[in-house]
Chemist: 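Can you read through this structure? Questions will come right after.
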Amino acid sequence: MFEWSTAHGLDVQIRADLVDADCVRRYHEAGVKVNVWTVNTRRECSRLSNLGVDYMVTDSRLFHLT
């Protein structure tokens, strides 16, 4: 997936539990945005935000991201 998305300049959508700092760093260095799904807890939201992901998808109305 890395080679294909970076060669075409496309953002990636990755399941949130598969994302780590190295993943985000590699995609960002290649100019690709990292979108994650599905983030339904504040803890996971905080972890991913600290990693620098670009977008998060959630089905939860229990918290509001600001």
Chemist: Do Phe2 and Val12 have side-chain heavy atoms sitting under 4.5 Å apart?
Modeler: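 Result no, sub-4.5 Å side-chain heavy-atom pair not found.
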
Chemist: With the 4.5 Å side-chain cut-off for hydrophobic clustering, are Trp37 and Leu18 part of the same group?
Modeler: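 No.
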
Chemist: So, for Ile14 and Cys23, which heavy atoms are closest and what is the spacing to 0.1 Å?
Modeler: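 Closest approach of Ile14 to Cys23: CD1-SG, 3.7 Å.
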
Chemist: Please examine the side chains of Val24 and Val53, heavy atoms only from C-beta on, and report whether any two atoms are closer than 4.5 Å.
Modeler: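 Yes; the side chains approach each other to less than 4.5 Å.
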
Chemist: What is the minimum heavy-atom distance between Asp11 and Val32, and which atoms define it?
Modeler: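 It is CA-CG1, 3.8 Å.
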
Chemist: Report, as yes or no, whether the 6.0 Å neighbourhood of atom CZ on Arg25 holds more than 12 heavy atoms from other residues, nucleotides or ligands.
Modeler: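 It does: Arg25 CZ has more than 12 such atoms within range.
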
Chemist: Under a 4.0 Å threshold between the charged nitrogen and the carboxylate oxygen, would Arg47 count as salt-bridged to Glu44?
Modeler: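 Between Arg47 and Glu44 there is a salt bridge, with a charged N closer than 4.0 Å to a carboxylate O.
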
Chemist: Working to the nearest 0.5 angstrom, can you tell me the gap between Gln13 CD and Ser5 OG?
Modeler: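 The OG atom of Ser5 is 9.5 Å from CD of Gln13, to the nearest 0.5 Å.
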
Chemist: Once you round to the nearest 0.5 Å, how far does CE of Met56 lie from OG1 of Thr38?
Modeler: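 Reported to 0.5 Å precision, the distance equals 12.5 Å.
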
Chemist: Taking all atoms of both residues into account, what is the closest heavy-atom pair of Ser60 and Asn40, and its distance?
Modeler: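 Smallest interatomic distance, heavy atoms only, reads N-OD1, 3.2 Å.
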
Chemist: Heavy atoms only: give me the nearest Leu48-Val39 pair and the separation to one decimal.
Modeler: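 Leu48 and Val39 have their closest heavy atoms at CD1-CG2, 3.4 Å.
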
Chemist: Any side-chain heavy atom of His28 within less than 4.5 Å of one from Asp54?
Modeler: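 Contact flag for His28/Asp54 side chains = yes.
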
